[in-house]
Amino acid sequence: MSTTETHHPLWVAYGASGVAGSIRKDDDGYTVTMAGADNSAGTYPTMEIAKSALHSRMAPGSDWPLFREH
């Protein structure tokens, strides 16, 4: 019996005070999860929209986070 593992790319967003959240790509789109959250903040059709959604959930006035693929 063989198993197939599906790799879903993951990007971690780093803000001034550390990890702000993450974006995971899957078959439905790009899912945003904020650091420390129990649930996702939503799934978006493109990476750019997901990045903007994550940034909009950060503290007001926060600089654009640095996104690194893991």
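Keep in mind that what you see is a predicted model, and the values were worked out from it rather than measured.
Taken to the nearest 0.5 Å, the CG atom of N39 stands 8.5 Å off from the OG1 atom of T33. To the nearest 0.5 Å, atoms OG (S52) and CE (M47) are separated by 10.5 Å.
Scanning for salt bridge (Lys or Arg N to Asp or Glu O under 4.0 Å) contacts around E48 gives K51, with sequence neighbours left out. S56 meets the side chain to side chain contact (heavy atoms under 4.5 Å, CB included) test with no other residue; sequence neighbours excluded.
The list of ring pair (Phe, Tyr, Trp, His ring centres under 6.0 Å) pairs with a residue in residues 33-55, not counting sequence neighbours, reads H55-W64.
Residues A59 and S62 approach most closely at O-OG, 2.6 Å, considering heavy atoms. For the residue pair A20 and L54, the shortest heavy atom distance occurs at CB-CD2, 4.4 Å. Heavy-atom minimum distance, M58 versus M34: CG-CE, 4.1 Å.
With hydrogens and angles ignored, the 3.5 Å screen pairs no side-chain donor or acceptor of H70 with any backbone N or O of W11.
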Criterion side chain to side chain donor-acceptor pair (under 3.5 Å) on S40 and T31, from CA distance to verdict: CA-CA 7 Å; S40 74; T31 301; 5.7 Å; no
Side chain to side chain contact (heavy atoms under 4.5 Å, CB included) between R68 and Y14, intermediate numbers included: CA-CA 8 Å; R68 289 194 180 149; Y14 296 92; 4.1 Å; yes
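Residues I23 and I49 share a hydrophobic cluster, clusters being chains of Ile/Leu/Val/Met/Phe/Trp/Tyr side chains in contact below 4.5 Å. V12 and V32 fall into different hydrophobic clusters, where Ile, Leu, Val, Met, Phe, Trp and Tyr residues are linked whenever their side-chain heavy atoms come under 4.5 Å apart, directly or through other members.
Both the sub-6.0 Å distance and the 45° axial angle are not jointly satisfied by R24 relative to the ring of Y30.
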